[in-house]
J.: 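One structure, as structure tokens, below. Some questions next.
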Amino acid sequence: MYQWRKFEFFEEKYGGKFKVPEEITGEINCCSSGRGKVSIGCDDGTVSILDRGFKFNYAFQAHSSSVLFLQQLKQRNYLLTIGQDEQISPQASAMCLKVFDLDKTQMEGTSTSAAVPDCVQILRVFTNQFPEAKITSFLVLEEAPPILLIAIGLDNGGIYCIKGDIARERITRFTLWVENASTGHAAVTGLGFRNDGPATQLFAVTPSAVSLFNLQYQPAKRQTLDRIGCTTKSVAMSDRSELILGRPEAVYFYEDDGRGPCWAFEGEKKLLGWFRGYLLCVIEDQRSTKNTFNIYDLKNRLIAHSATVNEVSHMLCEWGNIILVMADKSAICVGEKDMESKLDVLYKKNLYSVAINLVQTQQADAAATAEVLRKYGDHLYSKQEYDEAMAQYIHTIGHLEPSFVIQKFLDAQRIHNLTNYLESLHEKGLASKDHTTLLLNCYTKLKDVDKLNYFIKSEDGGEHKFDVETVIRVCRAANYHEHAMYAAKKAGRHELYLKILLEDLGRYDEALQYISSLDPSQAGVTVKEYGKILIEHKPRETILILLKLCTEEVKPTKKGTLTMLPSPVDFLNVFVHHPRSLMDFLEKYTDKVKDTPAQVEIINTLLELYLSQELTFPSMSQYSFNGDLDDKERISSGIPVRSKPSSNGKLTLDDDKGLAIRREKGLRLLRSAWPSDQENPLYDVDLAIILCEMNAFREGLLFIYERMKLYKEVIACYMQAHDHEGLIACCKRLGDSGKGGDPTLWSDVIKYFGELGEDCSREVKEVLKYIERDDILPPIVVLQTLSQNPCLTLSVMKDYIARKLEQESKVIEEDRRAVEKYQEDTSAMRKEIEDLRTNARIFQLSKCTKCTFTLDLPAVHFMCMHSYHLHCLGDNEKECPECAPEYRSVLEMKRSLEQNSKDQDQFFQKVKSSKDGFSVIADYFGKGIISKTKPDGNTSSGNGF
């Protein structure tokens with residue numbers, strides 16, 4: 001005990017020692033506390049109830065003679081007392097057990113202090129079956145309300161037990177006997193209840209023994225725990241249901257299996273108690289006979305409070321304080337200081353280890369504990385005890401800002417200690433990216449490869465204890481590439497793994513092999529990111545991987561879903577500086593896959609590659625090949641051929657041959673991608689035209705324009721190239737109307753030669769043949785067009801004009817004869833009409849025109865000079881059966897002409913498509929369609945002409 005430090009963790013309340021209220025006049029025999037009240041029983045039979053601050057509330061007469069024991073219940077506001085009452089008969093004992101309900105009081109008299117609680121039950125302690133003896137101890141256990149278990153210790157070694165609902169007197173009584181009851185040391189000086197699960201146990205203490213009764217059994221089983229005991233008031237129970245026994249040499253603790261730890265506190269133990277984990281002792285010094293009140297913190301082995309006191313009669317714990325009632329009716333109230341005050345005391349004495357133990361044993365929150373550890377670490381740091389300081393700082397992880405500790409040890413250049421702290425941060429999963437960076441820098445600076453291996457490659461502590469990207473970045477910067485690769489591979493960061501292989505180590509073959517091992521979706525992502533580097537150094541192998549990704553069928557996943565094959569278009573950016581490799585890749589892809597959703601984009605890209613004038617290839621000098629390939633194979637695979645230094649010192653290709661081969665491929669692709677049986681091609685026509693025009697690829701333009709039936713654009717290409725022979729041959733092929741051609745092309749050709757400004761007599765003569773053959777243009781138009789070319793003479797057109805004049809003369813003569821004939825016919829018709837109007841017509845036919853029999857009456861004569869029997873005409877008497885068909889056909893033709901005249905679109909279409917539009921108009925006039933005279937003599941243009 002003398003080695004234990006003393007502290008003042010408790011302080012006196014209410015100004016120190018104070019007197020018991022004056023209203024309590026009798027001698028104090030017993031005390032109890034609970035539910036915010038203190039109950040005091042006196043020898044005059046009264047019980048006084050005190051409030052907080054030891055202030056008197058009220059008193060009542062509980063017994064007529066004396067109150068020996070009392071106990072305030074915790075669960076219900078009941079007060080149980082044992083005291084002397086008036087003896088009713090010589091045979092009946094005056095010792096009674098009373099139960100008071102403190103919630104129910106009734107007033108006696110007019111004084112407000114005369115409140116008396118209801119006495120709900122009175123029991124005789126001793127009966128015929130339970131003979132009277134001196135009561136030495138009293139204890140009540142609250143089981144499930146309203147069941148109580150009351151134990152009354154006697155001086156003869158017996159324990160009277162009463163169990164049940166005391167208020168309703170539904171009780172059972174039984175007696176327990178301690179060992180050595182026949183000797184003179186059998187008085188039960190202390191009792192204590194212990195709950196062990198469903199079983200209830202009762203400790204019983206006599207001056208010579210400690211016993212334990214198991215009340216679960218009937219009768220109860222007794223077990224002797226020790227052969228030593230103690231006197232009255234030196235018994236208490238801890239909050240862990242341990243029996244505490246005070247003897248002059250030590251304080252003993254007992255559990256259900258026997259004696260436990262003991263504490264060698266010398267001196268006679270007058271009183272024992274337990275308060276919030278503290279042991280309370282009133283000890284009398286045998287030499288000075290002075291009483292000392294000590295509060296022991298057994299876990300931390302310190303004395304939390306020590307004070308010299310007078311003779312203490314009772315000890316209570318209520319209102320969070322310890323109350324000592326003296327024999328002279330004075331009292332002392334002691335309360336525990338707050339944690340901050342206690343820690344301040346320890347800080348001033350630099351007792352940080354005690355402070356740490358104190359906050360841990362009193363179950364302070366983690367933040368408070370961390371603050372004590374921080375201060376302890378600061379103290380050790382100031383003493384340059386860096387290892388010990390770091391041990392404390394490590395315990396603060398999770399509560400103390402790591403930068404506080406890191407900055408301290410960076411300033412002190414204690415890299416080993418800093419490494420330990422950072423390792424602990426990572427183990428607890430609280431490290432940031434900066435912490436990971438700093439830890440790896442510590443490892444690399446210390447060149448501690450073993451720790452670096454353990455940190456990165458250890459399987460302990462979960463999958464990842466660090467930020468993967470940070471580890472990789474730091475290891476790359478420190479040239480620990482293998483560690484960086486391990487971290488990337490373990491974390492499944494394929495892009496970072498490949499970045500190290502390609503950018504740092506240049507191990508291209510290994511990178512390609514790694515990509516091949518990945519599943520298609522991951523492989524596709526990595527190739528998109530690093531394909532440029534791979535194409536530059538390993539074009540063949542990279543193209544093979546791309547072909548595998550884009551063409552090979554993918555196995556279904558575990559979930560049963562199919563992964564879509566990537567499109568070659570997704571990888572076009574990989575070839576941004578390597579167009580020949582791109583051409584090789586797309587050609588091989590199209591050879592394998594004939595139908596793909598991206599077919600249009602692929603063909604468009606190939607066309608652009610084939611038709612471009614130049615393919616820049618800045619990195620071709622980095623290519624290396626094994627074996628010899630012919631030039632054509634090299635070009636088709638994107639491999640440079642016959643490279644030779646140019647005038648500027650750079651390597652160039654044999655451009656003429658390469659361009660010719662590419663254009664040949666381009667023309668084949670244009671034709672194959674637009675079969676004759678398809679209306680639309682498998683590429684973008686507008687893009688193809690632009691590419692052909694930009695790169696002066698006339699063959700492609702001619703094919704596209706001809707397929708689009710843009711014949712004028714076709715001959716425009718020949719005109720632009722001054723290819724007269726090709727122009728005429730094209731017009732022969734495309735200008736033949738009999739084969740669906742456009743004869744007007746010859747008009748454009750003759751106009752072209754008229755505006756050419758050079759001698760083209762031979763070509764003009766050939767063109768004139770086709771114009772004359774198909775009668776495409778009037779001679780005057782031809783003459784006016786060709787007259788614009790100063791290099792052409794009239795001799796070029798002499799024969800053509802002569803033939804056309806002869807033809808026109810013949811036509812004029814034929815027209816003149818036709819006019820004369822029409823005039824003669826018209827005159828004859830008019831003369832006949834006039835004769836019909838003015839002269840009588842004599843019908844001289846003697847036979848019927850239909851039946852050829854002799855004509856007799858009744859007969860019908862028509863103006864056409866046909867005669868019929870009336871019965872031969874039938875129902876139709878108004879028209880001649882012989883002339884009616886011809887007449888009807890004329891009427892039908894007239895109606896048809898009138899109907900057609902209403903369709904203006906048809907009229908204009910005929911004018912446009914006719915070789916001689918004027919003849920169409922003349923024909924409409926001649927048929928009377930355009931101009932028509934109404935019966936009223938007005939000219940109508942109701943047909944819109």
Side-chain angles (χ1 to χ4, degrees), residues 29-30 32 41 43 45 62-71 79-100 119-141 143 147-193 200-224 229-233 235:
N29 285 341
C30 54
S32 181
D43 60 354
H63 296 272
S64 60
S65 177
S66 175
V67 180
L68 300 180
F69 299 93
L70 58 79
Q71 183 171 338
L79 178 68
L80 277 70
T81 64
I82 292 180
Q84 292 282 351
D85 284 303
E86 293 181 355
Q87 191 169 0
I88 300 174
S89 63
Q91 291 79 15
S93 172
M95 195 68 63
C96 295
L97 169 66
K98 294 185 178 182
V99 181
F100 295 94
C119 181
V120 298
Q121 189 57 263
I122 299 176
L123 294 177
R124 295 291 178 181
V125 177
F126 302 111
T127 62
N128 293 332
Q129 294 180 353
F130 299 92
E132 184 175 356
K134 182 180 178 180
I135 300 176
T136 55
S137 57
F138 171 69
L139 187 62
V140 180
L141 173 66
E143 294 186 348
I147 306 301
L148 299 178
L149 177 57
I150 302 173
I152 302 173
L154 307 176
D155 64 347
N156 60 4
I159 302 174
Y160 285 172
C161 295
I162 303 173
K163 183 177 182 179
D165 186 352
I166 307 297
R168 299 182 180 181
E169 205 171 351
R170 296 176 180 176
I171 59 174
T172 58
R173 295 173 181 249
F174 56 92
T175 304
L176 304 174
W177 294 97
V178 298
E179 191 177 12
N180 298 328
S182 59
T183 64
H185 301 285
V188 179
T189 57
L191 296 170
F193 282 109
T200 300
Q201 298 172 329
L202 175 63
F203 288 104
V205 180
T206 64
S208 59
V210 177
S211 302
L212 177 66
F213 293 91
N214 192 336
L215 304 182
Q216 187 179 10
Y217 301 98
Q218 294 294 334
K221 292 183 178 181
R222 180 177 58 81
Q223 176 185 359
T224 301
C230 70
T231 58
T232 310
K233 296 185 179 180
V235 178

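Here the structure is a predicted model, which is why all the values come from computation and not from measurement. Only this structure's heavy atoms are used, side chains among them; waters, hydrogens and symmetry mates stay out.
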J.: Not counting sequence neighbours, which residues clear ring pair (Phe, Tyr, Trp, His ring centres under 6.0 Å) with Phe203? List them please.
T.: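 Testing Phe203 for ring pair (Phe, Tyr, Trp, His ring centres under 6.0 Å), a comparison that skips the adjacent residues, returns none.
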J.: Evaluate Leu123 against Ile171 for side-chain contact (heavy atoms from CB on, under 4.5 Å), listing each step before the verdict.
T.: CA-CA 10 Å; Leu123 294 177; Ile171 59 174; 3.9 Å; yes
J.: May I have the step-by-step check of side-chain contact (heavy atoms from CB on, under 4.5 Å) for Leu154 and Phe130, ending in yes or no?
T.: CA-CA 11 Å; Leu154 307 176; Phe130 299 92; over 6 Å; no
J.: Got Met95 and Arg124 here, is their nearest side-chain heavy-atom distance under 4.5 Å?
T.: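 Sidechains of Arg124 and Met95: no contact.
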J.: I'd like to check the side chain to side chain contact (heavy atoms under 4.5 Å, CB included) partners of Thr200; sequence neighbours left out, ordered by chain and number.
T.: Leu141, Glu143, Leu149, Phe193, Asn195, Leu215
J.: Which atom names give the shortest non-hydrogen contact between Leu68 and Cys30, and what distance separates them?
T.: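 In this case the closest contact between Leu68 and Cys30 is O-CB, 3.5 Å.
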J.: Using side chain to side chain contact (heavy atoms under 4.5 Å, CB included) as the criterion, list what pairs up with Phe69, not counting sequence neighbours.
T.: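 For Phe69, the residues satisfying side chain to side chain contact (heavy atoms under 4.5 Å, CB included) (neighbours in sequence not counted) are Ile82, Ile135, Phe138.
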J.: Run the side chain to side chain donor-acceptor pair (under 3.5 Å) test against Asp43 and tell me which residues pass, sequence neighbours left out.
T.: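 Partners of Asp43 by the side chain to side chain donor-acceptor pair (under 3.5 Å) criterion come out as none, since no residue qualifies.
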J.: Nearest 0.5 Å, please: how far is CG in Leu80 from CG in Leu139?
T.: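 The CG atom of Leu139 sits 11.0 Å away from the CG atom of Leu80.
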J.: Taking only residues two or more places apart in sequence or in another chain, which ones pass side chain to side chain donor-acceptor pair (under 3.5 Å) with Gln71?
T.: none
J.: Considering non-hydrogen atoms only, spot the tightest contact between Ala133 and Asp155 and give its length.
T.: CB-OD1, 3.7 Å
J.: Could you tell me if the side chain of Trp177 sits less than 4.5 Å from the side chain of Asn156, heavy atoms only?
T.: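 They are in contact (side-chain heavy atoms under 4.5 Å apart), so the answer is yes.
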J.: At their closest point, which heavy atom of Leu79 faces which heavy atom of Leu70, and how far apart are they?
T.: CD1-CD1, 4.2 Å
J.: Determine which pairs satisfy side chain to side chain donor-acceptor pair (under 3.5 Å) with at least one residue from residues 162-176, sequence neighbours left out, and list them in order.
T.: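 Counting only pairs at least two positions apart or across chains, no side chain to side chain donor-acceptor pair (under 3.5 Å) contact touches residues 162-176.
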J.: For Val205 and Gly229, work out which heavy atoms get closest and say how close.
T.: CG1-CA, 4.3 Å
J.: Output all residues satisfying side chain to side chain donor-acceptor pair (under 3.5 Å) with Ser211, sequence neighbours left out; order by chain, then residue number.
T.: none
J.: How far apart are the closest heavy atoms of Cys96 and His63, and which atoms are they?
T.: O-CE1, 3.5 Å
J.: How long is the span from the CG atom in Leu191 to the OG1 atom in Thr136, to the nearest 0.5 Å?
T.: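 So the gap between those two atoms works out to 7.5 Å.
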J.: CD1/Ile162 to CG/Leu97 distance, rounded to the nearest 0.5 angstrom?
T.: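 The distance works out to 5.5 Å.
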J.: Would a 4.5 Å heavy-atom cut-off, applied to side chains only, mark Leu148 and Val99 as touching?
T.: no
J.: Suppose we screen for ring pair (Phe, Tyr, Trp, His ring centres under 6.0 Å). Which residues come up paired with Phe213, at least two apart in sequence or across chains?
T.: none
J.: Determine whether a donor-acceptor pair (N or O, by modelled atom type, separation under 3.5 Å) exists between the side chain of Gln121 and the backbone of Ile166.
T.: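 Present.
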J.: Using the test side chain to side chain donor-acceptor pair (under 3.5 Å), find all partners of Ser66 that sit at least two apart in sequence or belong to another chain.
T.: Asn29
J.: Give every residue pair that meets the salt bridge (charged side-chain N to carboxylate O under 4.0 Å, His left out) criterion with at least one member in residues 206-224, sequence neighbours excluded.
T.: Glu179-Arg222
J.: Give me the atom names and distance for the closest heavy-atom approach of Pro207 to Thr189.
T.: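 Closest approach of Pro207 to Thr189, heavy atoms only: CD-CG2, 3.9 Å.
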